[in-house]
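Structure first, commentary second.
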2 protein chains.
Amino acid sequence: MNTSKAFEKAKSCSSQFILAINDTLNVLIGKWKLPIIGVLLYGKKRFKELERAIPGITPRMLSKELKELELNGIVTRTVYDTIPVTVEYELSNSGKSLREVLDMMIQWGLNHRKQNMSRK
Amino acid sequence: MNTSKAFEKAKSCSSQFILAINDTLNVLIGKWKLPIIGVLLYGKKRFKELERAIPGITPRMLSKELKELELNGIVTRTVYDTIPVTVEYELSNSGKSLREVLDMMIQWGLNHRKQNMSRK
DNA sequence: GTAACCACTATACTTTTGTATATCGATATA
DNA sequence: TATATCGATATACAAAAGTATAGTGGTTAC
């Protein structure tokens with residue numbers, strides 16, 4: 001690849017592609033997003049179920065992160081008109097498709113560990 | 001999948017897999033790691049070249065992030081005995097292989113945007 | 001009537017992350 | 001002699017992220 005081609009690619013990269021990467025990172029970053037998504041990958045859950053499933057999380061953080069995930073279209077929130085109310089959180093299609101990204105990250109992570117071992 | 005099978009999978013997941021994902025996230029997280037890796041994907045660079053290529057970064061942050069990336073085996077640092085010294089930063093094999101992860105993230109990010117558009 | 005459960009919210013605080021600005025020692029250039 | 005370059009480091013500060021602890025309003029069980 002010559003310099004101007006590389007430059008063009010770098011330019012096209014920096015606009016949509018970097019944005020796309022940041023979108024992806026933003027739904028995974030933070031201490032609690034991954035644990036929440038991890039639990040929801042096994043099916044929909046209620047607030048207290050999530051709280052119990054994720055050791056150490058406070059209701060404040062759970063509430064905050066769920067709101068963000070909902071805003072970003074990763075999680076859907078459904079309120080059932082029972083007494084008392086039942087609220088269920090579930091992964092959207094986008095949310096479910098994160099599994100592929102996570103699988104890729106697992107692959108890279110395991111491979112990286114192996115390479116770092118042999119480096120020493 | 002029955003409950004005990006799901007539980008076993010969740011358990012096996014929570015140990016190595018979650019660690020692997022976190023390893024991957026840790027090399028990407030932070031305001032400046034992605035820009036640095038992005039530039040280095042086009043070839044090795046010197047300290048000042050990186051500083052110039054990444055608008056807004058301070059030498060403090062560049063130095064700090066490069067140290068972390070080196071410690072994590074993503075970047076190699078080579079000092080040449082010239083006058084004045086030349087220092088070159090280059091992606092390791094692990095670092096280069098991040099491209100696959102980033103490509104996956106680009107795919108997910110673009111797809112997610114499309115789905116969110118149609119959601120409205 | 002009091003204790004517990006659900007789905008949260010409020011307030012105050014600590015820790016982590018990032019910024020701003022100046023400086024270092026060695027060397028080269030005008 | 002003054003100024004600039006390289007590859008950083010030092011100090012102080014601001015902003016963001018996360019924690020601790022308590023409380024809300026409604027409902028059910030004992």
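Throughout, protein chains are lettered first and strands after them, A, B, ... in sequence-line order, and every chain is numbered starting at 1.
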Give a yes/no answer on whether the side chain of [X] brings an N or O atom under 4.0 Å of OP1 or OP2 in [N].
X     : N      : result
B/R52 : D/dT5  : no
B/K31 : C/dT19 : yes
B/R60 : C/dT23 : no
B/S63 : D/dT9  : yes
A/K67 : C/dT9  : yes

Given atom [atom1] of [X] and atom [atom2] of [N], what is their separation to the nearest angstrom?
X     : N      : atom1 : atom2 : answer
B/W32 : C/dG18 : CH2   : P     : 10 Å
A/I54 : D/dT19 : CD1   : P     : 12 Å
B/M61 : C/dT17 : CE    : C1'   : 7 Å

Less than 4.0 angstrom from a charged side-chain N to a carboxylate O is my criterion; do B/K33 and B/E68 meet it?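 A salt bridge links B/K33 with B/E68.
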N-O pairing of B/R46 and B/E88 below 4.0 Å: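 B/E88 and B/R46: not salt-bridged.
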Quick one, which residues of residues 43-51 of chain A touch DNA chain C with a heavy atom under 4.0 Å?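 Those residues are A/R46, A/F47, A/K48.
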Please give me the minimum heavy-atom distance between B/L91 and B/K96, naming the atom from each residue.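 Between these two residues, the closest heavy atoms are O-CE, 3.6 Å.
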Residue met sooner reading DNA chain D from 5', once B/L66 and A/E65 are mapped to nucleotides: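 The residue closer to the strand's 5' end, by nearest nucleotide, is B/L66.
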Once you apply a heavy-atom cut-off of 4.0 Å, does B/Y80 come out as touching a base, just sugar-phosphate, or nothing?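 Nothing, no heavy atom under 4.0 Å.
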